[in-house]
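Structure first, then comments.
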Amino acid sequence: MERMTISTQPIEGQKPGTSGLRKKTRVFMAPHYLENFIQSVWIGIGGVTGKTLVLGGDGRYFNDRAAQVILRMAAAGGAKKVIIGQNALLSTPAASNVIRSRGADGGIIMSASHNPGGIDEDFGVKYNTRNGGPAPEEVTNQIFKATKAISAYEICESQDLDLSRLGTVHIDGMEVEIIDPVSDYAALMRQLFDFDKIAALFASGFTMRFDAMHAVTGPYATAILEGELGAAPGTVVNGEPKPDFGGGHPDPNPIWAKDLMDVMMGADAPDFGAASDGDGDRNMIVGRGIYVTPSDSVAVLAANAHLAPGYAGGLKGVARSMPTSKALDRVAAAKGLDCYETPTGWKFFGNLLDAGRATICGEESAGTGSDHVREKDGLWAVLLWLNILAETKKPVAEIMTAHWAEYGRNYYSRHDYEAVETEKAEGLMQALRDRLGTLPGQGFAGMTVESADEFAYDDPVDGSRSEGQGIRINFDGGARVVFRLSGTGTVGATLRVYLEDLELDPAKQDRDAQEALAGIIAAADAVAGIGERTGRSAPDVIT
Ligand code: G1P
Ligand code: ZN
């Protein structure tokens, strides 16, 4: 077997974003593109000589080809071993778990998460460090630096490995262990949750629908929910992973998981509904007749986690990303827990989890997780909900009503304006930034600004500072709006507008969120000139 050194040149734009490098699949398939980036990862992490890495992905188009390239490059870089999921599949939380449980030095996850897959859709590559979490900025900065200076990469010449057969094979002296993607993960879930109680719930006639959206959680959900917990066959729908996710958009929200929403709002709805995204780290929770926002879900999980064996000892603290609603803060305050506010992106939770400052974390973008891994974890959230439902024996709607009555309801919504011209979106943000100092006291659509700033985060564990993390505007009376530009999009810019208002009166807690937020929605448009600057009259996606 021959190791080859291939000359190359830096390729522009290989800067990892909120969650790794995401580009159009054809961009990744272009000559040297993937190879340049992988070599830059090796350089950015100080080489792979003698290291053990984990490799897996969400099964999207090009996943299988990219895996063969990465294996050859790991071998050429002198890695000792790569642990890879069968057929190069591993959900993101499962990959995080394997890195941790096998004591690997790090891992590569091939995924563009909830973005569609296919030759004309998206692909992505993310490096996770030995704690199992996404590489922190100091590492991604090193990787990016390497992409700008690269002049050659190394790769072994070899046949493709058969990744469908479990067991150990070799490339050029490097060991490749092909593992079942589900079993380690299922074992971890068994430790955290009361599987007997949940099985008894299903045995008592409790019904559920889990929409795997033709993405990676299909095999996990089928094995755990139907296989171990005894949910009726057919509970998991769209359970077969497909390279193009069946032509769908594997993002578990009311828009892209509309089929599930329709079933759950219908007359014969099951007791509980859930969905997960392309790589299995996001989740959506729906009860019969009620959608639970991700911001509310993390608050309910934090309030009730002690009902599951893995969290019976209580929580060390909680954390949420800045644009996520403050519902979690209210639970934390009532329980005397520290509540951290971090920038958007799971990587910012890593230090808090490692330092034992937080146990449960959440993001408004359907991300919830705990210190069991260092990624958000879709199926974990679903199982914690099931454990809570098994203990309380109450319907989801009743749990929500009681939660709001106790802690208040943080009405919440996110409005996304997608594929906006980058200049216009940046112009909108800059104009807000320029006016931050003068906004307080000013009125917009009948609401008065109380304070306004651009969020910066000082990591309490390592002291690092992250600036430019979104513009926050608080209005008199507690309502707030946050503006930020997406760091995961692949076309133009996506403007995200996060809207929130607190309602403490139980008599007013059953309103439609868009109605309840109408005033703040109008104020957001007035203060930022969204319509005027973007030319859009309505958001593309409302969650
Ligand atoms: C989005 C979400 C963010 C999440 C990330 C990765 O990032 O907003 O919460 O961590 O995807 O799943 P954004 O596109 O907003 O930068
Ligand atoms: Zn994801």
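Order of appearance sets the numbers: ligands from 1, and atoms from 1 within every ligand.
A distance of 8.5 Å separates OG1 of Thr543 from CZ of Arg496, quoted to the nearest 0.5 Å. Atoms OH and OG, on Tyr291 and Ser297 in that order, are 9.0 Å from each other to the nearest 0.5 Å.
The shortest N or O to N or O distance between Leu485 and ligand 1 is not below 3.5 Å. At a 3.5 angstrom cut-off on N or O pairs, Ser486 counts as close to ligand 1.
Here is the list of ligand 1 atoms found below 4.0 Å of a heavy atom in Gly487: 13 (P), 14 (O), 16 (O). Numbered from 1 in the order shown, with element, the atoms of ligand 1 that lie under 4.0 Å from a heavy atom of Gly345 read 10 (O). Each of the atoms 3 (C), 8 (O), 9 (O) of ligand 1 lies under 4.0 Å from some heavy atom of Thr344. Listed by atom number, the atoms of ligand 1 under 4.0 Å from Arg496 heavy atoms are 8 (O), 13 (P), 14 (O), 15 (O).
With sequence neighbours left out, the ring-ring contact (aromatic ring centres under 6.0 Å, His included) criterion links Phe28 to Tyr33, Phe123.
In this model, no donor atom of one side chain and acceptor atom of the other lie less than 3.5 Å apart for Asp281 and Thr92. For Tyr498 and Arg484, the side-chain atoms include at least one donor-acceptor pair closer than 3.5 Å. When only modelled atom types and interatomic distance are considered, Ser113 and Asp277 share a side-chain donor-acceptor pair under 3.5 Å. No donor-acceptor contact under 3.5 angstrom links the side chains of Thr494 and Asp416, judged on distance only. Defined by atom type and a distance below 3.5 Å, a donor-acceptor pair is missing between the side-chain atoms of Ser464 and Glu137. Using modelled atom types and a 3.5 Å distance limit, the side chains of Thr368 and Asn283 yield a donor-acceptor pair. Defined by atom type and a distance below 3.5 Å, a donor-acceptor pair is missing between the side-chain atoms of Asp180 and Gln86.
Proximity of a side-chain donor or acceptor of Arg60 to a complementary backbone N or O of Asn115 within less than 3.5 Å is detected.
The shortest contact between atom 14 (O) of ligand 1 and any protein heavy atom is with Thr488 OG1, 2.4 Å. Scanning the protein heavy atoms around atom 9 (O) of ligand 1, the nearest turns out to be Ser365 OG, 2.6 Å. Nearest protein heavy-atom neighbour of atom 11 (O) of ligand 1: Arg282 NH2, 3.0 Å. Scanning all protein heavy atoms for the shortest distance to atom 10 (O) of ligand 1 gives Glu363 OE1, 2.6 Å.
Around atom 6 (C) of ligand 1, the closest heavy atom drawn from Lys376, Glu364, Arg414, Lys347 belongs to Lys376.
The aromatic rings of His403 and Tyr407 sit tilted relative to each other, their planes meeting at an angle between 30° and 60°.
Listed by chain and number, Ser113 OG, Asp277 OD2, Asp279 OD1, Asp281 OD1 are the protein N/O/S atoms closer than 2.8 Å to the Zn ion (ligand 2), with waters left out.
Ligand 1 lies out of reach of Gly367, whose nearest heavy atom is not under 4.0 Å from it.
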